[in-house]
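Have a look at the structure below, then the notes.
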Amino acid sequence: PAAPNRIHQRILIRVSHLILNHINEKQLPCDIYPAPFAVYIGGREDQHNYVEPDISVICDRSRLTDKGCVGAPDWIIEIVSPSSITLDYIKKVYLYQCAGVREYWIINPARRVVRTYYFEEMTTMDYSFDDSVPVEICESFQICINDLI
């Protein structure tokens with residue numbers, strides 16, 4: 001696969017930084033890991049069966065090992081690139097929902113859209129980069145992508 005472009009990396013680092021600040025400020029029992037970070041979505045460490053989301057937020061620290069996360073993170077963010085559209089919008093939605101991920105965001109820099117899936121309520125929403133996107137699993141936390149880029 002091609003290396004991520006500059007805007008992908010800019011969004012990755014700035015969104016990660018904002019989430020980390022929120023976790024620290026609210027003293028939440030969560031950890032955030034940007035890619036590359038192995039998520040053994042099936043629940044067991046299998047070196048051939050894992051994904052590497054762009055951003056993983058894990059609030060059940062018992063799922064963390066030295067190798068990565070065993071089981072579903074609470075929140076996953078993917079920053080879509082032209083080569084990952086089908087994977088992010090179709091395959092990973094199904095995979096993450098079945099695995100028990102609570103919230104999944106797809107940030108699409110080309111379309112300037114953030115699609116959110118809140119699997120516990122079975123809701124999907126599209127937001128523009130100008131919108132303040134609510135983080136459903138974190139009360140009173142919102143992210144506006146335009147403020148970060």
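The chain is numbered in sequence order, starting from 1.
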Residues W105, V15; criterion side-chain contact (heavy atoms from CB on, under 4.5 Å); working and verdict:
CA-CA 12 Å; W105 287 21; V15 168; 5.8 Å; no
Would you please test R115 and M125 for side-chain contact (heavy atoms from CB on, under 4.5 Å) and show each step?
CA-CA 6 Å; R115 176 166 291 171; M125 294 288 298; over 6 Å; no
Parallel, tilted or perpendicular: which one describes the rings of H22 and F141, with boundaries at 30° and 60°?
parallel
Please check if V101 and I77 belong to a single hydrophobic cluster, counting links between Ile, Leu, Val, Met, Phe, Trp and Tyr side chain heavy atoms closer than 4.5 Å.
no
So how far is it from C69 SG to D60 CG, rounded to the nearest 0.5 Å?
8.5 Å
Do Y40 and L64 belong to the same hydrophobic cluster, where Ile, Leu, Val, Met, Phe, Trp and Tyr are linked whenever their side-chain heavy atoms lie under 4.5 Å apart, directly or via other members?
no
Under the ring pair (Phe, Tyr, Trp, His ring centres under 6.0 Å) test, residues paired with Y118 that sit two or more places apart
none
Roughly how far, to the nearest 0.5 Å, is the CE atom of M122 from the OG1 atom of T124?
7.5 Å
Could you point out which residue of N108, I107, L148 forms a side chain to side chain contact (heavy atoms under 4.5 Å, CB included) with F129?
I107
Answer with yes or no whether the hydrophobic clustering places I76 together with V113; edges join I, L, V, M, F, W, Y residues whose side-chain heavy atoms lie under 4.5 Å apart.
no
Note: D130 and R112 closest approach over all heavy atoms is OD1-NH2, 4.5 Å
Minimum-distance pair of heavy atoms, taken over all atoms of G71 and V39:
O-CG1, 3.7 Å
CG of L12 to CD1 of I79, rounded to nearest 0.5 Å, is 4.5 Å
Residues at least two apart in sequence or cross-chain that pass disulfide bond (SG atoms under 2.5 Å apart) with C30, listed by chain then number, are C59
side-chain contact (heavy atoms from CB on, under 4.5 Å) assessment of N5 paired with H8:
CA-CA 5 Å; N5 66 23; H8 178 285; 3.3 Å; yes
Rounded to the nearest 0.5 Å, the CD1 atom of I106 sits from the CD1 atom of I85 at a distance of 10.0 Å
Taking a hydrophobic cluster as the set of Ile, Leu, Val, Met, Phe, Trp and Tyr residues connected by side-chain heavy atoms closer than 4.5 Å, whether directly or through intermediates, do L95 and Y50 fall within one such cluster?
no
Could you pull out all residues at least two apart from Y104 that satisfy ring pair (Phe, Tyr, Trp, His ring centres under 6.0 Å)?
Y96, Y117
Is the number of heavy atoms from other residues, nucleotides or ligands under 6.0 Å of I149 CD1 greater than 12?
yes
Can you list everything that forms a salt bridge (Lys or Arg N to Asp or Glu O under 4.0 Å) with D147? Sequence neighbours excluded, please.
none
Measure across K67 and A38 and return the closest heavy-atom pair with its distance rounded to 0.1 Å.
O-CB, 3.6 Å
CD1 on I11 to CD1 on I55, rounded to 0.5 Å
9.5 Å
Quick one: closest heavy-atom pair of E103 and V135, and the distance?
OE2-CA, 3.7 Å
D88 to V93 - nearest heavy-atom pair and separation
O-CG2, 3.7 Å
Rounded to the nearest 0.5 Å, the OG atom of S56 sits from the CZ atom of F37 at a distance of 6.0 Å
For I58 and R63, work out which heavy atoms get closest and say how close.
CG2-CB, 4.4 Å
Would I145 end up clustered with Y127 when hydrophobic side chains under 4.5 Å apart are linked, directly or stepwise?
yes
In chain order, what residues pass the salt bridge (Lys or Arg N to Asp or Glu O under 4.0 Å) check against D131, with sequence neighbours excluded?
none
Around atom CZ of R61, are there more than 12 heavy atoms from other residues, nucleotides or ligands closer than 6.0 Å?
yes
With sequence neighbours left out, what residues match K91 under side-chain contact (heavy atoms from CB on, under 4.5 Å)?
L87
